[in-house]
Amino acid sequence: MNAAQIDLALPAHNPFSATRVRPGQIPFRFAEGASVGQLTARFQAAGCRGQIVGPHGSGKSTLLATLLEALRARQRRVTVFTLRNHERRLPAWPAWLRVPHTGGPPSIVAIDGYEQLSRWSAWRVVRFCRRNGHGLLVTTHRACKLPLLYATRPELAAILELVTNLLPAGDNHVTPADVEVLFARHAPDVRETLFGLYRLYELRRRGLQRP
Amino acid sequence: MTGLEIIIRLDNDRRLYYPGERLTGEFHIESLSLVEPQAIELSALWYTEGQGDEDLAVHHFERFAKDNGSLADARRPRRFSTTLPNSPLSYDGILVRIFWCARVRVFLAGGKEMVAEEPFRLGDVPRVMVATAEEETAP
């Protein structure tokens, strides 16, 4: 194929790509009356221990990223462990975490995907943090014994607002009706909904499917 | 507002390059204010976009900084040149896409920074189409 035959137009970015919707890239949308300040205060009042509970893809990691950013802004040292693919135990603790905390605000251990730990590993994590004076903040599908900070329950209105914010102005490759259909199919999994929107956007961008 | 604008220009207006070809161009900073960059980095890099985690690799990198005397005049146009590699080629798939670009990052006092990119294509891999005769049903 010579250069004259190929499409030289540089492709536009897909607003639903993982890079753009990963935790930390988009703000968590709180339910009425809740805020990051309120959750941070609740976490501190509970002795810097807490859990974020919700089903798969419902925004737990996004909320965790939002909370950790607020905690870091308060000079907290944070260590994050992200568990995937049925990891039943944590990797080795960093050396500085093995030193018991003395004075100042405690460091925070954050575990995204806490439900994947075996009961034995989970018990050891709780004991380790308590003994060394570290805070513990986890996300989990199943409620555990830590104080409940927030239960994620995504709603269509929040997804529509998110999609509006992600789409460039005037871009109508996906419509509110598409969002509604995909969310109805995948609810409460926002991540899967966004994956569906990614694919739909790609097809429409190529003229393979009409809006 | 920093009052700075980063201008990147590639010599090849079509922005299409082939493996082994030279990528050449220049960049400069336009400034209406007295804000002085502390450092400027130029890189030619590729990154992926898709449903999975982003992958990225820097092919060419240059840094100009005040602290080592290589950034005497930040507004002076600077040429860059590098031989492009054999892979990865630019790719416009549905599940994953590979982008190439020249990227300039300007570091200002106080930890602020600005970034500008000039995209280009490496190779002429055709855009991926869905291999079904009929349109997919919505959505």
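- Enclosure of atom CZ in Arg79(B) by more than 12 non-hydrogen atoms of other residues, nucleotides or ligands within 6.0 angstrom is indicated.
- Distance CZ/Arg97(B) to CD/Glu202(A): 4.5 Å, rounded to 0.5 Å.
- For Glu113(B), the CD atom counts as densely surrounded, since its 6.0 Å shell holds more than 12 non-hydrogen atoms of other residues, nucleotides or ligands.
- Across all their heavy atoms, Asp92(B) and Arg206(A) have their closest contact at O-NH1, 3.0 Å.
- The structure places CG of Leu95(B) at 10.5 Å from CZ of Phe195(A), a figure rounded to the nearest 0.5 Å.
- A tilted orientation is assigned to the rings of Phe99(B) and His13(A), their planes being inclined by 30° to 60°.
- Shortest non-hydrogen contact noted between Asn14(A) and Glu49(B) is N-OE2, 2.8 Å.
- Within 6.0 Å of CZ on Arg153(A) lie no more than 12 heavy atoms contributed by other residues, nucleotides or ligands.
- The CZ atom of Arg20(A) sits 9.0 Å away from atom CD of Glu54(B), with the distance rounded to the nearest 0.5 Å.
- Counting non-hydrogen atoms of neighbouring residues, nucleotides and ligands closer than 6.0 angstrom, the CZ atom of Arg124(A) reaches no more than 12 such neighbours.
- The two atoms that bring Thr19(A) and Thr48(B) nearest to each other are OG1-O, 4.3 Å, heavy atoms only.
- For the pair Ala18(A) and Gly52(B), the tightest heavy-atom approach, listed with the atom from each and the gap, is CB-O, 3.1 Å.
- The residues Asp53(B) and Arg22(A) are annotated as not salt-bridged, no charged nitrogen and carboxylate oxygen being separated by less than 4.0 angstrom.
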